[in-house]
Amino acid sequence: MNLHHLTIADMRTRLDSGEVSSLVLTEAVLTQIKSQDGQVGAYLHVDSDGALRQAAAADARIAAGERTPMLGIPLGIKDVLSTQGLPTTCASKVLEGYIPPYDATAVARLKAAGGVILGKLNMDEFAMGSSTENSAYQLTRNPWNHDCVPGGSSGGSAAAVAAGMAAGTLGTDTGGSIRQPAALCGITGLKPTYGRVSRYGAVAFASSLDQIGPMTWTARDAAMMLQVIAGQDERDATSAPLAVPDYLAALGGNLKGVRIGIPRELFVEGIQKETDQAVRAAIDVLKQMGAVIKEISLPHSGYALPVYYIVATAEASSNLARFDGVRYGHRSAGDSYREQLDATRGDLFGPEVRRRIMLGTYALSAGYYDAYYKRAQQVRTLIRQDFTAAFADVDIIAAPTSPNVAFKFGDNTDDPVAMYLQDVCTLPVSLAGLPGISVPCGFDSGLPIGLQLIGPAFSEAELLRVSDAYQSQTDWHMRRPQ
Ligand code: GLN
């Protein structure tokens, strides 16, 4: 396999044995970016000089005998995460030219661990979307088929890994934005439990839902990245005061007696036949490995979509109020503060972001608050309770990540609800704050399919262990696009 398509674990072995240097790996990945990204469009900003400097520094640490998981590994960062000295736009015109003076905690931890930061990755504007078509700057193409979307909102993060333009990337997931693009690009993507990874420095979309997580080829690679970014942070009061387990040490063992629940509601109406079949075949593999399969029900999951589009838009309308053209990024001219504010926000937010701000502002307005926002919060509790009840009987839940494989550009852009429906399988998990992982489990017409595994809060070690066991029996995660 070409150097740029190696897994993080393979790179680690070769780096530690001295077979390759981080400089050679980083150069190989930068060369791949040069030759491929003109077509794929995953990166909004590439920092070649910075990456080569960091690679040389990592090589010095390796030569001095340091042996840690991320040391010298070339990585990409979703453009919603603040990076000191590198542009951070959230793929929005409103943040054009903004260069943060600090790193997000997850980025700072990767850097401290010796990760090599290649650049910033395209996304739907402010992480609102499922196809990356809402980026204000460029399209990102699915590396398996350039006529198709990579999913979203972390489409650049998914496409970069799939195209060999980063060994691993950080994405964010509010309603599915790590898992769905991972599924559509044939890689592994983990959304950790709410509170597992500090959100400090992640530009907020919906603060009660947002989580940062790894996007990689394998579950083992995801474990290596999560190890570094997880853990409490005094700068994020919602980060959990819990010890971080040794995720790599948790891998291995067999699946005998692991109880896996199959929720009939997440095999949604309208799911593509090939997706349904591939996910069921994957569950069969788990069964053959000793897992005990049980039918379960998540009766309120059908309400997840309306609940999410009230809660997330309400939080977004409040969070995005800070983009007033005064403190960050771009400003449109106006004679008064009011005119300047209206011009900046009217000119520079894209249509989907404006739609969400309007929906959220409406849901929170006097007279409607009880009917919409309060009701949505109540139903959110019911959705969470469904999972609590299910996890009394099963250890893990298995479902599709997305009801379909990657679709063509433009297919869902005229109908916002059709686009929102892309997330029906991932939204309930987000509303419940639970961890979920997508692992490759098949192909339809050359396009990847994802299996979603969901666990109780802070069960990342077990999710990664089951995913790794599945990947030890299958080779979907070893395929690479041509
Ligand atoms: N696609 C969903 C949305 O548009 C989820 C996005 C996300 O997880 N950031 O809101």
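All ligand and atom numbering here is 1-based and tracks the order in the structure.
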Hey, could you give me each pair passing salt bridge (charged side-chain N to carboxylate O under 4.0 Å, His left out) that has a residue in residues 125-147? Not counting sequence neighbours. none

Would you say that more than 12 heavy atoms from the other residues, nucleotides or ligands in this model lie under 6.0 Å from the CZ of Arg480, or not? yes

Is the number of heavy atoms from other residues, nucleotides or ligands within 6.0 Å of CD (Glu234) greater than 12? no

Using heavy atoms and a strict 4.0 Å limit, residues surrounding ligand 1 turn out to be Ala127, Met128, Gly129, Ser130, Ser153, Asp173, Thr174, Gly175, Gly176, Ser177, Phe205, Tyr308, Tyr309, Arg356, Asp423

NE2 of His45 to CG of Asp79: how many Å apart, nearest 0.5 Å? 9.5 Å

Applying ring pair (Phe, Tyr, Trp, His ring centres under 6.0 Å) as the test, list every pair that has at least one member in residues 139-182; sequence neighbours left out. Trp144-Phe443

Can you list everything that forms a side chain to side chain donor-acceptor pair (under 3.5 Å) with Asp411? Sequence neighbours excluded, please. none

